[in-house]
Amino acid sequence: MAGVASCRAGLAARGLYWQYARTAGITTLCIQNHKAPQRLQHLPQLSSLRTPTKRVRQQGGVCLSARAFHTTPAAHKLVPFILADIGEGIKEVVVREWFVKEGDVVAQFDSICEVQSDKASVTITSRYDGVIRKLYHEVDDTALVGKPLVDIEVSKEDDSVGAEVQEGEAIAVGRPAEDTAIGSGEFTLPKGKILTTPAVRRIAMEHKIDLYDVQGTGKEGRILKEDLLQYLEARKSGKKAPTPSAPARPVVTMTPDKPVPPPTAAPPKATPSLPPSMPVILGEDKQVAIKGFQRAMVKSMTQAMKIPHFGYCDEIDMTALVGLRKELKAMAEVHGVRFSYMPVFIKAASMALSHFPVLNASVDEKCENITYKASHNIGLAMDTSDGLVVPNIKGVQGLTLLEVAAEINRLQELGSRGGLKTQDITGGTFTLSNIGTIGGTYAKPVILPPEVAIGAIGKIQVLPRFDSSGNVTKAHIMQISWSADHRVIDGATMARFSNLWKSFLENPATMIVHMK
Ligand code: CAO
């Protein structure tokens with residue numbers, strides 16, 4: 001009895017595989033469906049499957065040319081699918097979800113699983129075709145980089161074996177024109193090139209969506225997951241989904257012809273709020289492994305506490321900004337952007353950093369070198385259902401307030417569903433933590449190494465203050481608590497930076513005048 005050869009790409013994509021048996025010089029070819037493993041076709045007495053004219057007719061009515069098959073005895077092999085280095089020094093990940101089970105047929109770019117590192121979540125996809133034979137981990141297990149995730153049975157001729165990709169880069173998918181779906185119930189991806197990720201392709205297939213109908217808003221028209229979800233949502237609600245010829249996303253530019261509604265009603269929240277707190281009653285002690293983002297916190301905060309922190313606090317009179325924010329919020333709403341105070345805090349920080357570049361810097365582990373960072377990649381501490389995570393907004397120095405707000409919206413949306421990617425979370429150069437959205441006045445923020453400074457923002461409160469004539473007035477007051485690496489930042493620098501940041505917030509007109 002000869003071995004079983006796994007299918008080539010075309011068959012695998014259809015959920016089919018082929019196998020042959022050779023007994024007493026007689027070769028038998030079978031095409032089988034893994035999902036419903038009944039025998040579809042049986043061709044006795046084939047001595048050579050290389051015969052170009054042989055055609056195998058499936059009972060379901062589909063023709064497949066036998067020319068596509070190459071047969072050599074024992075043409076299959078079992079390959080451990082290794083978790084490749086996913087960069088950023090990540091050594092281990094937690095398996096969050098499996099997209100395959102043992103016995104499943106996978107084709108190139110099919111999602112294998114979703115893993116979470118201590119920095120972000122990543123979809124692991126296959127680059128070759130085969131049958132999953134073994135899963136090495138349960139959900140929530142820790143998987144090590146360089147060790148197998150799954151065993152896949154592949155054809156010996158598959159020269160792509162050993163390669164795997166993560167869903168970070170968009171991948172061009174498309175089928176050659178001659179590819180057709182099997183059976184009337186099957187769905188085929190559109191022909192030609194579509195730029196998207198494997199996860200998007202999988203969702204599209206599950207929901208029978210023609211990706212050509214979906215507006216891609218990513219770089220060079222790539223279809224992002226949000227685009228597809230938006231399309232699905234529109235389809236469900238019966239609304240017309242944006243088509244590729246019409247922009248699907250709010251264009252973040254100020255257009256003078258658009259009427260700006262008066263700053264009155266609060267817009268509905270774009271992101272789901274966290275569930276209300278419930279008392280937790282534990283019958284007995286419970287030990288839980290520290291994983292995911294919490295693991296990141298252990299590492300970075302342990303490292304951070306080796307840094308001598310310098311603390312500096314002040315209060316900001318936000319009265320003028322509270323008024324202006326109402327207008328900005330209404331303007332942003334026209335563009336589909338939710339506008340809180342955070343974009344102003346972040347943009348003002350960037351403007352102040354331009355005057356104090358030593359605060360937008362990083363130091364090496366032994367603190368022997370300091371690198372002044374060209375880009376202001378400002379991190380914002382984010383409270384998510386997965387815990388604290390600090391994504392950053394890249395190149396704030398070149399962004400408008402509205403663009404900063406749109407980016408915060410995007411990061412919050414991703415953060416709320418554990419979808420932040422490595423690129424969102426790495427490369428920060430300075431951090432702000434707005435704990436005031438939850439409460440509190442002062443904080444003692446801990447620097448996120450290798451950065452050198454961080455600010456914690458308190459809650460805006462209405463408090464009595466004296467005006468310039470000595471009269472008591474109602475003011476909107478907010479506290480700021482800075483921490484800086486005292487090995488490289490002196491108190492005077494921190495105070496001067498804070499004064500400048502404060503002046504932008506207290507007199508927003510000065511900020512507008514100096515904004516580039
Ligand atoms: N004081 C009072 N109200 C504030 C505020 C402050 N300091 N900052 C923001 N708000 C308001 C916002 O304007 C918004 O009100 P509107 O609906 O009227 O606009 C509301 O609070 C909720 O804001 P938000 O949280 O949705 O958005 P944001 O941009 O202000 O903040 C983010 C985003 C990510 C910073 C915030 O959601 C968050 O996670 N904060 C917690 C950060 C944290 O955990 N820090 C500790 C780190 S150390 O463990």
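Residue numbers start at 1 and run along the sequence shown. Computed from heavy atoms alone, side chains included, the values below leave out hydrogens, waters and symmetry copies. Atoms within a ligand are numbered from 1 in the order they appear, just like the ligands themselves.
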Could you list the atoms of ligand 1 found under 4.0 angstrom from a heavy atom of [X]?
X      : value
Arg338 : 26 (O)
Ser340 : 12 (C), 13 (O), 27 (O), 28 (P), 29 (O), 30 (O)
Lys329 : 16 (P), 18 (O), 19 (O)
Met342 : 29 (O)
Tyr341 : 13 (O)
Leu388 : 47 (C), 49 (O)

Can you find an N or O of [X] that's nearer than 3.5 Å to an N or O of ligand 1?
X      : answer
Lys459 : no
Phe339 : no
Phe345 : no

When you check the gap from the basic side-chain N to the acidic O, do [X] and [Y] get nearer than 4.0 Å?
X      : Y      : answer
Glu413 : Arg417 : yes
Arg410 : Asp424 : yes
Arg487 : Asp485 : yes
Lys347 : Glu403 : no

Can you tell me if Gln461 has a non-hydrogen atom under 4.0 Å from ligand 1? no
Strictly under 4.0 Å, does any heavy atom of Gly415 approach an atom of ligand 1? no
Would you tell me whether Thr431 and Glu451 have side-chain atoms, one donor and one acceptor, within less than 3.5 Å of each other? yes
Count the heavy atoms belonging to other residues, nucleotides or ligands that lie under 6.0 Å from CG of Leu463, then report whether that count exceeds 12. yes
Nearest neighbour of [atom] from the list [options], on a heavy-atom basis:
atom                    : options                : result
atom 46 (C) of ligand 1 : Ser433, Gly439, Pro391 : Ser433
atom 37 (O) of ligand 1 : Met382, Lys326, Gln412 : Gln412
atom 39 (O) of ligand 1 : Ile457, Ile346, Asp383 : Asp383

Carefully, step by step, assess Glu114 and Thr123 under the rule side-chain hydrogen bond (donor to acceptor under 3.5 Å, both in side chains). CA-CA 4 Å; Glu114 179 95 4; Thr123 302; 2.7 Å; yes
Residues Pro343 and Leu401: closest non-hydrogen pair is O-CD2, 3.5 Å
Against the six-membered ring of Tyr341, is Arg325 placed for a cation-pi contact (under 6.0 Å from the centre, within 45° of the normal)? yes
